[in-house]
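Okay, structure first, notes after.
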Protein chains: 2
Amino acid sequence: MPTPPRPLRADAERTVRAILEAAERVLSANPAATMEQIAEAAGVARTTVHRRFATREALLAALCAWAARQFHAAVESVSDSTPPLVALHQATANVLQVKISWGFAMNAAGDDDPETARIHADVLARCDALFQRARAAGVLRPDTDLDWARRVYYALIHEAATADRPGTPATPEARATLVLTTLLNGLGTP
Amino acid sequence: MPTPPRPLRADAERTVRAILEAAERVLSANPAATMEQIAEAAGVARTTVHRRFATREALLAALCAWAARQFHAAVESVSDSTPPLVALHQATANVLQVKISWGFAMNAAGDDDPETARIHADVLARCDALFQRARAAGVLRPDTDLDWARRVYYALIHEAATADRPGTPATPEARATLVLTTLLNGLGTP
DNA sequence: AGAACATGCATCACCCATGACGCAACTAAC
DNA sequence: GTTAGTTGCGTCATGGGTGATGCATGTTCT
């Protein structure tokens, strides 16, 4: 996370953002991409990347931390008192919005940083709580294995976020509906 | 694919198998693992790996080709005349069996080799045909988007193959049932 | 406008994975 | 048992990514 004691100047902050966005773009296409390629995509010299992120690991960690915070914000904005099905839809749409732009960073395992790990754990807890509410309210079957449900849910979100076929709905809301109808009703004939 | 003009001697063939299995094991844990690590896991000198697979790319390609053939065999063994639901269950169980042992190799995009690409295309075609039969038979809803269905199906198989929690069913058959009930019925209250 | 900060560029050193040989010891195949 | 193939080991060359530094040229902030 780029929070050195001395606050960054405005242009430097812009540079950091540009580097993170470029890293997401380049690494999602090729996870083994070099610092050089990332720098080029960011429109910046390679040495500048090293100035902001001492090592490659540091860049990866910062990228993951950034995505984790977006992820957290997407989930946090959903009120705990909203009915489960509505809350699920809101959270799904928000997460999809983030995931479309930060797909690589959200999948990359950057839990070596304790702060990022904490955020991930918090999101996980919120997700679990929401699923428990959903099960208690009868949205999910009473005998549902919540761990399996969560895995399936994440997987569906991932598919909905990466699907780019003509037939796929464009807006996050429509995709969220697709995810939830598939999760709850399946694709078979009732 | 290890098919040089001259057939390999028995011990050499064993070595190739050991290297491929080690590569799967090591690379699934760390996709950026070195040839050295793979060789060590295979109980073989690094130079021997290079003797069998000239370059790292060649090893990856061979690994993917091997997995693709296993994949193909798992799908091919299901008769085209079997009722769709039964066929789905058989194919799913077979694929899960393979995927548990060759998870990395099946995900790695090794379609640069035309032969492997052909096999993958063939498997895809069979999957599509099976899904069309399922839809025609009323197993899938008549308005189902088959592309979305296939994506969800693959994703569920992936989750079922990588789930290693105590609550998860152990046998491929039981996991196949989990995949199919989730795919067809979803997890919501009917 | 002046001070502090940021960037590009050129340059350097370093490490490590990769890939290639040759040779001696061994093993399968006939 | 002879022959051809296989392996381990030591060795070497090379490329490429990484990380650090100094300096001149902008840019921001006050």
Side-chain angles (χ1 to χ4, degrees), chain A residues 1-64 66 104 108 110 112-113, chain B residues 1-64 66 104 108 110 112-113:
Chain A
M1 182 174 9
T3 311
R6 195 191 282 95
L8 289 176
R9 225 169 64 179
D11 54 350
E13 198 127 19
R14 252 180 288 133
T15 301
V16 169
R17 287 280 301 254
I19 293 174
L20 288 179
E21 287 170 8
E24 163 64 35
R25 234 177 310 137
V26 173
L27 291 175
S28 67
N30 170 26
T34 68
M35 301 287 266
E36 178 75 54
Q37 294 173 284
I38 295 173
E40 187 186 350
V44 159
R46 188 177 65 91
T47 49
T48 300
V49 178
H50 274 102
R51 235 187 296 269
R52 295 292 153 224
F53 306 97
T55 73
R56 181 194 179 82
E57 265 191 6
L59 172 57
L60 266 292
L63 186 59
C64 291
W66 172 256
F104 172 83
D112 22 300
D113 176 33
Chain B
M1 183 172 9
T3 311
R6 195 192 283 95
L8 289 176
R9 224 169 64 178
D11 55 349
E13 198 128 20
R14 254 179 288 134
T15 301
V16 170
R17 287 282 300 257
I19 293 174
L20 288 178
E21 286 171 9
E24 163 64 35
R25 234 177 310 137
V26 172
L27 291 174
S28 66
N30 170 26
T34 68
M35 301 287 267
E36 178 74 54
Q37 296 173 281
I38 296 173
E40 188 187 349
V44 159
R46 188 177 65 90
T47 48
T48 300
V49 178
H50 275 102
R51 236 188 295 268
R52 295 292 152 223
F53 307 97
T55 73
R56 182 193 179 81
E57 262 190 7
L59 171 57
L60 266 292
L63 185 59
C64 291
W66 172 255
F104 172 84
D112 22 301
D113 175 34

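Because the structure is predicted, anything quoted here is derived from the model rather than measured.
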task = Scan A:T47 against the nucleic acid and name what it touches under 4.0 Å (heavy atoms): base, sugar-phosphate only, or nothing.
result =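 Base contact.
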ask   = Contact class for A:R51 (heavy atom, under 4.0 Å): base, sugar-phosphate, or nothing?
value =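 Touches a base.
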Measure the [atom1]-[atom2] distance between [X] and [Y] for me, rounded to the nearest 0.5 Å.
X     : Y      : atom1 : atom2 : answer
B:N30 : B:F104 : CG    : CZ    : 9.5 Å
A:R51 : A:T15  : CZ    : OG1   : 10.0 Å
A:W66 : A:R17  : CH2   : CZ    : 4.5 Å

ask   = Taking for each residue the nucleotide of DNA chain C with the nearest heavy atom, is it B:R46 or B:D11 whose nucleotide lies nearer the 5' end?
value =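 Upstream on the strand: B:R46.
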request  = For B:V44 and for B:R9, locate the closest nucleotide of DNA chain D by heavy-atom distance; then report the residue assigned to the nucleotide nearer the 5' terminus.
outcome  =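 Result of the comparison: B:R9.
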ask   = Going 5' to 3' along DNA chain C, which nucleotides are the first and last within contact of chain A (any atom under 4.0 Å from a heavy atom)?
value =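 On DNA chain C, the outermost contacted nucleotides are C:dA4 to C:dA10.
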List the atom of [X], the atom of [Y], and the distance in Å for their closest heavy-atom pair.
X      : Y     : value
A:G110 : A:C64 : CA-SG, 3.8 Å
B:R56  : B:L27 : NH2-CD2, 4.1 Å
A:A62  : A:F53 : CB-CE2, 3.5 Å

Nucleotide range of DNA chain D lying under 4.0 Å from chain A heavy atoms =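 First-to-last contact on DNA chain D, by the 4.0 Å heavy-atom rule, is D:dG17 to D:dC29.
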Expected output: side-chain B:E24 to main-chain B:L63 donor-acceptor under 3.5 Å =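 Not at all, since once roles are kept as given, no pair shorter than 3.5 Å links the two residues.
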Per-pair distances, 0.1 Å, donor-acceptor, side chain in residues 35-48 of chain B, under 3.5 Å, sequence neighbours excluded:
unit_1	atom_1	unit_2	atom_2	d
B:Q37	OE1	B:T34	N	2.8
B:Q37	OE1	B:T34	OG1	3.4

query = Residues two or more places apart in sequence or in another chain: which of them pass side chain to side chain contact (heavy atoms under 4.5 Å, CB included) with A:E57?
reply =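 Partners of A:E57 by the side chain to side chain contact (heavy atoms under 4.5 Å, CB included) criterion, ordered by chain and then number, come out as A:T55.
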query = Taking only residues two or more places apart in sequence or in another chain, which ones pass side chain to side chain contact (heavy atoms under 4.5 Å, CB included) with B:D112?
reply =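 For B:D112 there are no side chain to side chain contact (heavy atoms under 4.5 Å, CB included) partners, ignoring immediate neighbours.
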ask   = What parts of residues 29-38 of chain A reach DNA chain D, counting only heavy atoms under 4.0 Å away?
value =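 Within this stretch, A:T34, A:M35 sit under 4.0 Å of the strand.
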